[in-house]
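Some notes on the structure that comes next.
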Amino acid sequence: MSSENIFKENLFNHKSNKNLAQELNDANLAQESKQEINDEYQQMKLGKIKEGTVLDHIPPDLCFKIINLLNLEQHGRVISAATNLTSTKMGKKGMIKISGKILSEKEVNRIVVVAPNVTYSTITDYQAVKKVKLKVPQEIVGIVKCNNPNCITNVESVQTKFKIVSEEPLKIKCNYCERTTVKEEIKLLM
Amino acid sequence: MLKKKDIISISDFTKEEILYILKTAEEMNKKDCSELCKGKILATLFFEPSTRTRLSFETSMKRMGGSVIGFSGEESTSRSKGESLYDTIKIVEGYADIVVMRHKVDGSARLAAEASKIPIINGGDGSNQHPTQMLLDLYTIKQSQGKLENLKIAMVGDLKYGRTVHSLAAAMAMFNAEMYFVAPEQLQMPNYIIEDLQKSNINYHIVDNMQDVIGKVDILYMTRIQKERFPDLQEYEKVKNVFILNKKLLETAKPNMKIMHPLPRVNEISEEVDIEPHAYYFNQAHYGIPVRMAIIALLLGCVK
């Protein structure tokens, strides 16, 4: 079954959305409307949150990784996540909505290191009060582990510090042992 | 005046700063420096033992009228009781005016510099950096060739693990050198060094034997190939004699071609080469004194 058919079937099965299904059946439906319905469908599936954080435009293969690195399994409030959603910009994307939690700067930087270009929004009273496209900081402090076992950061109690050598593809250099690490090799500190 | 507080890595230096240190080193040889650092104390913290580096720093300080305190090896220090490097440095900064340290852990010198209020000189941090060796290598090249720009240099031996040749390649790139990397395939120059040279449009050649390059270069920089780098000893047996320099190989060398080596050597330069006019490795070791005198004096502000 094609993804569009799955989409339609799911939509038809959703009782509260019959009007949308009807629209979808219309053979002359404009492409823009389809996208609009698609977006609405996605939003419906994830559910709006009253207050908290929305992470959008996540590369689809990194959605669950981000849930793990934010330790969201410990979060006692509603979390909704979806991946392989249709995206005009990315083709496919992931999205995470975290109710009742505003991310700390360190948590945001942890996300940036594995998934640059994620859109980060904070929500108050169902409205996005802050919406930014994340960007890799010039210095990454206390987030990434140095892969060199003989680096001083792996021997003594020293906070790791990396400088950005290249943003795309991401390449970082340890401030201490000067080894470079590419995106695929990056390991986050717990 | 050198604007740096510390000497940690070649990546901290501009070409102008390197030239300024070398110029100051040349002046050290010309004038009376016996009271230049009088009343100043150099702490030599050699967590890992060393002969040439430690002795040449001690000699340098004493030639300028300064004093030296320090240790060699961790056994006799509080490190053996579990004291952190950070704490050791915080203690010593209250005892001395300047520190030179060698440590087996990569990045230890940078940490010490962050911890310390007084200047730190990196005398070798693990396999990472040994910047004063790089500076004395440049000084040696300038003394032997009269210039640093546009020279041809061959680096021979273990180019993969040798921190000396990594720093030298980066430094010589600043002076537009043409470089020949002569090594068995498994010990060739690491990709990240090659990538940097490509970015700087440096002309370089990957070569697997010395004969092809000896007649072309101004400097032949030898390093030792260590048996333990080869997982397969048969591979070591195949290459070990290919990278030994003897008198016969020097027949095609330019008259002013000079042979350098960071020392210690084992068998990669035959003793018969020592009396050849090309042999320059003992001069190189001696040049460590004016260069280290210049570094200490500049960091202490005893020369401007």
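By the 4.5 Å heavy-atom criterion applied to side chains, A:R179 and B:D106 are counted as neighbours.
Judged by distance alone, the side chain of A:N175 and the main-chain N or O of B:L111 form no donor-acceptor pair under 3.5 Å.
Separating the CD1 atom in A:I152 from the NE2 atom in B:H103 is a distance of 5.5 Å, to the nearest 0.5 Å. For the atom pair CG (B:D125) and SG (A:C151), the distance works out to 9.5 Å, reported to the nearest 0.5 Å. For the atom pair SG of A:C177 and CD of B:Q129, the computed distance is 10.5 Å after rounding to the nearest 0.5 Å. Separating the CD atom in A:E178 from the CG atom in B:N128 is a distance of 4.5 Å, to the nearest 0.5 Å. Separating the CD atom in A:E156 from the OG atom in B:S108 is a distance of 8.5 Å, to the nearest 0.5 Å.
The environment of A:E73 atom CD is dense: over 12 non-hydrogen atoms of other residues, nucleotides or ligands sit within 6.0 angstrom. Sparse packing is recorded around NZ of A:K50, with 12 or fewer heavy atoms of other residues, nucleotides or ligands lying under 6.0 Å away. Atom NZ of B:K15 has more than 12 heavy atoms from other residues, nucleotides or ligands within 6.0 Å.
Note on B:E114 versus A:K161: salt bridge recorded, some NZ/NE/NH1/NH2 to OD/OE distance being below 4.0 Å.
Only the side chain of A:N148 comes within contact range of chain B, with heavy atoms under 4.5 Å apart. Neither the backbone nor the side chain of A:N154 comes within contact range of chain B; no heavy atoms are under 4.5 Å apart.
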